[in-house]
Amino acid sequence: MTEDSVGNNMIACEYQPGLEGIPAAQSSISYVDGQKGILEYRGIRIEELASKSTFLEAAYLLIWGELPSKNELYEFQEEVRLHRRIKYSIRDMMKCFPETGHPMDALQASAAALGLFYSKRALDNPKYIREAVVRLLAKIPTMVAAFKQMRKGDDPVRPRDDLSYAANFLYMLNEQEPTPLEAHVFDVCLTLHAEHTINASTFSALVTASTLTDPYAVVASAVGTLAGPLHGGANEEVITMLETIGSVDNVHPYLEERLQRKERIMGCGHRVYKVKDPRATILQNLAEQLFKESGTDKYYEIALELEKAVEEKLGHKGIYPNVDFYSGLVYRKLGIPSDLFTPVFAIARVAGWLAHWKEQLAVNRIFRPTQVYTGTHDSPYIPIEAR
Ligand code: SDX
């Protein structure tokens, strides 16, 4: 047992690096069974939602706790549609971002900038909560697409009110209307990435929310956390890895070499799942649907071979493909540049971050964990001449 002193009380606690296995919240938003490969949003299996729901309906379910009626969904969709545009001063701010800047840094800066316009912090006012939810879900995609256009010197593509949430994002990205299948596949990808219990970026959102700051700062904090290669940044790394492997024949030599160097296989392994991530299975099927319509991708063949090799070599450690393993292949087929894969993850996860933000506000207590102190006590101050 290790101890730390808090005031006059000594606390006996088991320190777990990365808080592995330590509950940081009570939540009814989503549930993961890492042994059985189960993911549920408000008790509904992800496979059901992926095949029958839409991203905005799943976002409503996550945030307000139940599936919306037809009218509730229509109203919610319309509110989001009407808020897709961003202030010209945010566009002007984004014009000053360096074209070589990573889109996740651009997104974090512009998400925080929304707080300059809407912060108010009326956190006890349901109308303010709903407005913040609508604005963030509506404007984050527009900001992601705007930076992609502006970093190459082009004007951002204006959102189109006649397109669905998913179709509009793909349109703003490439100024081309996606096919119905492309729009559907992208919408399912957003649903799959919307929520995943207390992952690192959601934990950031919770800690930030617990100080009662505004929801724009909460989302900006979570975006910064998601950007890391061990978390949301893995999907971009997977494509780099598949391109480096280059051919199916090189899969096993590559894997051997990487494991010998004790390096991680991107898109594999998970703190909770010790079987294949159920989202990876659904994404794999989506990839195959897309390849049927628009031709296969040699990197998909490499990914299939790599999945088999990882299972052979690392399956005994519970290391299997996670959500990031196939998502990049789908996004590439949809014409999304690889450095926008993680911002796309963020577009979806805004729903989960906001659901946890709202849940935290209802029972708020500021996060302030303790520590295991490993330093010295009563150390002398040594004058600089004597150092
Ligand atoms: C996401 O938490 C969430 O829910 C996240 C997420 C979400 O929806 O929010 O699911 C999204 O972030 C998915 C994960 C994306 N990241 C990657 O794909 C990066 C590669 N994966 C790893 O870095 C790793 O698997 C983590 C970070 C995801 C989880 O690591 P853990 O739980 O801290 O595991 P660990 O570091 O304790 O490793 C245990 C063992 C080690 O071997 P030993 O030292 O015990 O011999 O497993 C090995 C690790 O070396 N290992 C891997 C590996 N992941 C773990 N070995 C090779 N390749 C890997 N990917």
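These numbers were taken from a predicted model, which means no experiment stands behind them. Atoms within each ligand, like the ligands themselves, are counted from 1 in listed order. We're numbering straight along the sequence, starting at 1. Side chains included, hydrogens not; waters and symmetry mates left out as well; all remaining heavy atoms used.
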Visitor: For ligand 1, find out whether one of its N or O atoms is nearer than 3.5 Å to an N or O atom of Asp277.
Guide: no
Visitor: Angle between ring planes, Phe345 versus His193, binned at 30° and 60°: parallel, tilted or perpendicular?
Guide: perpendicular
Visitor: Against heavy atoms of Gly269, which atoms of ligand 1 measure under 4.0 Å?
Guide: 25 (O), 28 (C)
Visitor: Would you mind checking which non-hydrogen protein atom is closest to atom 16 (N) of ligand 1, with the distance to 0.1 Å?
Guide: Leu230 O, 3.1 Å
Visitor: In the protein, what heavy atom is nearest to atom 20 (C) of ligand 1, and what distance, to one decimal place, separates them?
Guide: Cys268 O, 3.4 Å
Visitor: Of Trp64, Tyr165, Phe55, which meets ring pair (Phe, Tyr, Trp, His ring centres under 6.0 Å) against Phe76?
Guide: Trp64
Visitor: Do Asn322 and Lys276 pair up side chain to side chain, a donor and an acceptor below 3.5 Å, judged on atom types alone?
Guide: no
Visitor: Starting from atom 11 (C) of ligand 1, find the nearest protein heavy-atom neighbour and note its residue, name and distance.
Guide: His231 ND1, 3.9 Å
Visitor: Only heavy atoms of Ala234, strictly under 4.0 Å: list the atoms of ligand 1 that pass.
Guide: 15 (C), 16 (N), 17 (C), 18 (O)
Visitor: Could you list which atoms of ligand 1 come closer than 4.0 Å to a heavy atom of Ile319?
Guide: 47 (O), 48 (C), 51 (N), 52 (C), 53 (C), 55 (C), 56 (N)
Visitor: Identify the protein heavy atom lying closest to atom 49 (C) of ligand 1, giving its residue, its atom name and the separation to 0.1 Å.
Guide: Arg264 NH2, 3.7 Å
Visitor: Which atoms from ligand 1 have a heavy atom of Asn199 less than 4.0 Å away?
Guide: 2 (O), 3 (C), 4 (O), 5 (C), 9 (O)
Visitor: Which residue supplies the protein heavy atom nearest to atom 9 (O) of ligand 1, what is that atom called, and how far is it?
Guide: Arg349 NH1, 2.8 Å
Visitor: Can you confirm if the aromatic rings of Tyr320 and Tyr273 lie within a centre distance of less than 6.0 Å?
Guide: no
Visitor: At the 4.0 Å heavy-atom cut-off, does Arg279 count as touching ligand 1?
Guide: yes
Visitor: Taking the ring centre of each residue, are His231 and His196 less than 6.0 Å apart?
Guide: no
Visitor: When you measure from atom 14 (C) of ligand 1 to each heavy atom in Leu226, Val323, Asn322, Thr225, which option holds the nearest one?
Guide: Asn322
Visitor: Under 4.5 Å between side-chain heavy atoms, hopping through other hydrophobics if needed: is there a path connecting Leu116 to Ile90?
Guide: yes
Visitor: Hey, is Lys262 one of the residues with a heavy atom under 4.0 angstrom from ligand 1?
Guide: no
Visitor: With ring pair (Phe, Tyr, Trp, His ring centres under 6.0 Å) as the test, pick out the partner of Phe291 among Tyr299, Tyr326, Tyr300.
Guide: Tyr300
Visitor: For Arg387 and Ile382, indicate whether the former's side chain and the latter's backbone hold a donor-acceptor pair under 3.5 Å.
Guide: yes
Visitor: Which residue and non-hydrogen atom of the protein lie closest to atom 10 (O) of ligand 1, and at what distance in Å?
Guide: His270 NE2, 2.6 Å
Visitor: Considering only heavy atoms of Gly267, which atoms of ligand 1 have at least one such atom less than 4.0 Å away?
Guide: 17 (C), 18 (O)
Visitor: What about Ile265: any of its N or O atoms under 3.5 Å from an N or O on ligand 1?
Guide: yes
Visitor: Among all protein heavy atoms, pick out the one at the shortest distance from atom 33 (O) of ligand 1; state its residue, atom name and that distance to 0.1 Å.
Guide: Arg271 NH2, 2.8 Å
Visitor: Please check if the distance between the ring centroids of Phe203 and Phe367 is under 6.0 Å.
Guide: yes
Visitor: Can you list the ligand 1 atoms lying under 4.0 Å from a non-hydrogen atom of Asp324?
Guide: 1 (C), 13 (C), 14 (C), 15 (C)
Visitor: For Asp187 and Ser53, work out which heavy atoms get closest and say how close.
Guide: OD2-O, 4.4 Å
Visitor: Could you check atom 46 (O) of ligand 1 against the protein and tell me its nearest heavy-atom contact, residue, atom and distance included?
Guide: Lys317 NZ, 2.9 Å
